[in-house]
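First up is the structure itself, then whatever we jot down about it.
It should be emphasised that the depicted structure is a prediction, and the values quoted were computed from it without experimental measurement. Letters go in sequence order (proteins before strands), and every chain restarts at 1.
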There are 2 protein chains.
Amino acid sequence: MDIENSKAQMRKGILEFCILSTLSVGDAYASDIIESMKSSKLIVVEGTLYPLLTRLKNDGFLNYRWEESKSGPPRKYYKITPIGETFLKELETTWNELVSAVNKITKKNN
Amino acid sequence: MDIENSKAQMRKGILEFCILSTLSVGDAYASDIIESMKSSKLIVVEGTLYPLLTRLKNDGFLNYRWEESKSGPPRKYYKITPIGETFLKELETTWNELVSAVNKITKKNN
DNA sequence: AACAGTACCATGCAATACAAAGTACTATTT
DNA sequence: AAATAGTACTTTGTATTGCATGGTACTGTT
């Protein structure tokens with residue numbers, strides 16, 4: 001049980017929340033999302049992101065369209081669906097409750 | 001992918017943080033910890049807590065002593081070790097960074 | 001002595017993030 | 001046009017975690 005592993009474990013379950021949030025601002029393809037997260041100090045790699053996008057799509061939270069690129073193969077641009085927006089709101093609530101609970105527990109020393 | 005599962009996944013990795021935090025305030029045995037968490041709206045069950053305590057003890061972050069009880073079998077009172085305190089500080093940093101990153105990503109709509 | 005209550009422990013499962021390797025398409029270089 | 005580099009997407013296997021479930025052991029009461 002080292003700190004690196006703990007970091008990884010703490011991230012569990014928040015990525016779908018972050019992905020939906022990012023897409024609720026505007027459509028994007030995988031590399032856009034990775035860049036967006038990286039700029040907020042949340043590193044995600046392809047092997048993590050692609051399966052997640054597929055799962056979110058299969059659950060109806062996202063859909064996608066192919067779009068040509070000037071500098072490489074075509075890209076899958078993902079778009080959040082109305083059902084995805086609803087789910088996102090629930091995730092927000094869950095996240096806020098969790099942060100609130102953790103703060104309550106860990107700030108008792110003050 | 002339902003909301004209940006997402007809730008469960010978001011909790012992953014924060015329990016050890018909460019346990020160490022709770023014990024840094026004062027020694028406690030399992031039921032104390034469960035009560036403490038429950039009062040902060042973070043439900044933990046025995047099947048989760050006991051293995052976690054054992055793992056934290058095996059890693060040197062906790063130790064315990066047996067203590068008699070007036071109303072039942074003896075209890076294992078856990079105490080955080082100096083190494084545990086150090087690890088707790090690292091977990092605090094990790095948690096704060098994570099919350100900060102998620103906020104940055106999910107509050108872009110404002 | 002039998003029972004209920006409390007406390008601790010062990011086993012098996014589902015879900016996730018990630019590493020690693022692979023496939024496919026495009027543009028550039030030779 | 002063939003080979004190469006770069007971009008984008010996909011698949012497979014692994015370690016870790018939270019939890020449900022069932023079980024063990026000890027105490028006090030009836």
Side-chain angles (χ1 to χ4, degrees), chain A residues 1-20 27-35 37-38 42-59 62 64-78 91 94 98 101-102, chain B residues 1-20 27-35 37-38 42-59 62 64-78 91 94 98 101-102:
Chain A
M1 191 184 299
D2 60 322
I3 195 69
E4 278 313 313
N5 184 32
S6 294
K7 273 189 193 183
Q9 292 304 325
M10 277 192 184
R11 295 161 48 113
K12 276 184 187 287
I14 65 165
L15 289 185
E16 58 188 47
F17 173 39
C18 292
I19 291 170
L20 287 174
D27 302 358
Y29 81 112
S31 296
D32 285 340
I33 297 174
I34 290 176
E35 267 313 302
M37 304 245 178
K38 196 189 292 180
L42 199 69
I43 308 300
V44 193
V45 296
E46 291 187 331
T48 301
L49 186 58
Y50 281 107
L52 245 173
L53 288 171
T54 301
R55 215 166 55 236
L56 289 167
K57 182 208 61 177
N58 289 341
D59 287 341
L62 303 179
Y64 67 85
R65 63 178 187 278
W66 285 100
E67 203 161 295
E68 301 284 322
S69 162
K70 291 174 183 169
S71 59
R75 302 166 174 175
K76 266 187 178 176
Y77 273 81
Y78 284 91
L91 288 178
T94 299
L98 183 66
V102 172
Chain B
M1 192 183 300
D2 62 322
I3 193 71
E4 279 312 315
N5 183 35
S6 295
K7 273 189 192 183
Q9 292 304 325
M10 278 192 185
R11 296 162 47 116
K12 277 183 187 285
I14 66 164
L15 289 185
E16 58 187 45
F17 173 40
C18 292
I19 291 170
L20 286 175
D27 303 357
Y29 80 113
S31 295
D32 285 340
I33 298 174
I34 291 176
E35 268 314 303
M37 305 244 177
K38 197 189 292 177
L42 199 69
I43 308 299
V44 193
V45 295
E46 292 186 332
T48 301
L49 186 59
Y50 280 107
L52 246 173
L53 287 172
T54 301
R55 217 167 54 237
L56 289 168
K57 181 208 62 175
N58 289 341
D59 287 340
L62 303 179
Y64 67 84
R65 63 177 186 279
W66 284 100
E67 203 162 294
E68 301 285 322
S69 162
K70 290 175 185 169
S71 59
R75 302 165 173 176
K76 266 187 179 176
Y77 273 83
Y78 285 90
L91 287 178
T94 299
L98 182 67
V102 173

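- In the set C/dT16, D/dC19, C/dC18, D/dC19 carries the atom at the smallest distance from any side-chain atom of B/T48.
- Toward the 5′ end of DNA chain D lies the nearest nucleotide of A/P74, the other residue of the pair A/P74 and A/G47 mapping further downstream.
- Salt bridge B/D32/B/R75: absent, no basic N to carboxylate O contact under 4.0 Å.
- Picking from D/dT16, C/dC25, C/dA19 the nucleotide with the shortest atom distance to the side chain of A/Q9 gives D/dT16.
- Not one side-chain nitrogen or oxygen of B/N5 sits closer than 4.0 Å to the OP1 or OP2 atom of D/dG18.
- When rounded to the nearest whole Å, the span between CG of A/L15 and C1' of C/dA15 equals 13 Å.
- A/Y50 has a side-chain polar atom (N or O) that falls below the 4.0 Å cut-off from OP1 or OP2 of D/dC9.
- Side-chain proximity of B/V45 to D/dA20, D/dA8, C/dC25: nearest is D/dA20.
- Atom CZ in B/R75 sits about 12 Å away from atom P in D/dG28, given to the nearest Å.
- Ranking C/dT6, D/dC9, D/dG18 by closeness to the B/P73 side chain, first place goes to C/dT6.
- Contact between the side-chain N/O atoms of B/Y29 and the OP1/OP2 oxygens of C/dA7 is found at a separation under 4.0 Å.
- Counting non-hydrogen atoms under 4.0 angstrom, A/S31 reaches the backbone sugars and phosphates but no base.
- Computed from coordinates, the B/L42 CG to D/dC19 C1' distance equals 14 Å when rounded to whole Å.
- Residue contacts for B/P51: at a heavy-atom cut-off of 4.0 Å it reaches no nucleic acid atom on any strand shown.
- Looking at B/Y78, B/Y29, B/Y64 one by one, the single match for side chain to side chain contact (heavy atoms under 4.5 Å, CB included) with B/L53 turns out to be B/Y78.
- The distance from atom CG of A/L49 to atom C1' of C/dT16 is 14 Å, rounded to the nearest whole Å.
- Between the NZ atom of A/K70 and the C1' atom of C/dC25 there is a distance of 19 Å, rounded to whole Å.
- Here the side chain of A/R55 is nearest to one of D/dC9, D/dG18, C/dA17, namely C/dA17.
- Between B/W66 and A/E16, the residue anchored nearer the 5' end of DNA chain C, judged by the nucleotide with its closest heavy atom, is B/W66.
- Considering only heavy atoms from C-beta on, B/E4 comes within 4.5 Å of B/K7 through its side chain.
- For the pair A/D2 CG and D/dA15 C1', the computed distance is 12 Å after rounding to whole Å.
- A distance of 13.0 Å separates NZ of B/K57 from CG of B/L52, quoted to the nearest 0.5 Å.
- Both A/K76 and A/S6 lie close to DNA chain D; mapped to their nearest nucleotides by heavy-atom distance, the more 5′-ward contact belongs to A/K76.
- Rounded to an integer number of Å, the gap from B/R65 CZ to C/dA7 C1' is 16 Å.
- No side-chain donor-acceptor contact under 3.5 Å links B/R11 to the backbone of B/L42.
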Apply the test side-chain contact (heavy atoms from CB on, under 4.5 Å) to residues A/R55 and A/N58: give CA-CA distance (whole Å), side-chain angles for both, the deciding distance (0.1 Å), then the verdict. CA-CA 5 Å; A/R55 215 166 55 236; A/N58 289 341; 5.6 Å; no
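- Following rounding to the nearest Å, A/F17 (CZ) and C/dA17 (C1') show an atom-to-atom distance of 18 Å.
- Between B/Y78 and A/A8, the residue whose closest nucleotide on DNA chain C is further toward the 5' end is B/Y78.
- The base of C/dC8 lies close enough to the side chain of B/E46 for a donor and an acceptor atom to sit less than 3.5 Å apart.
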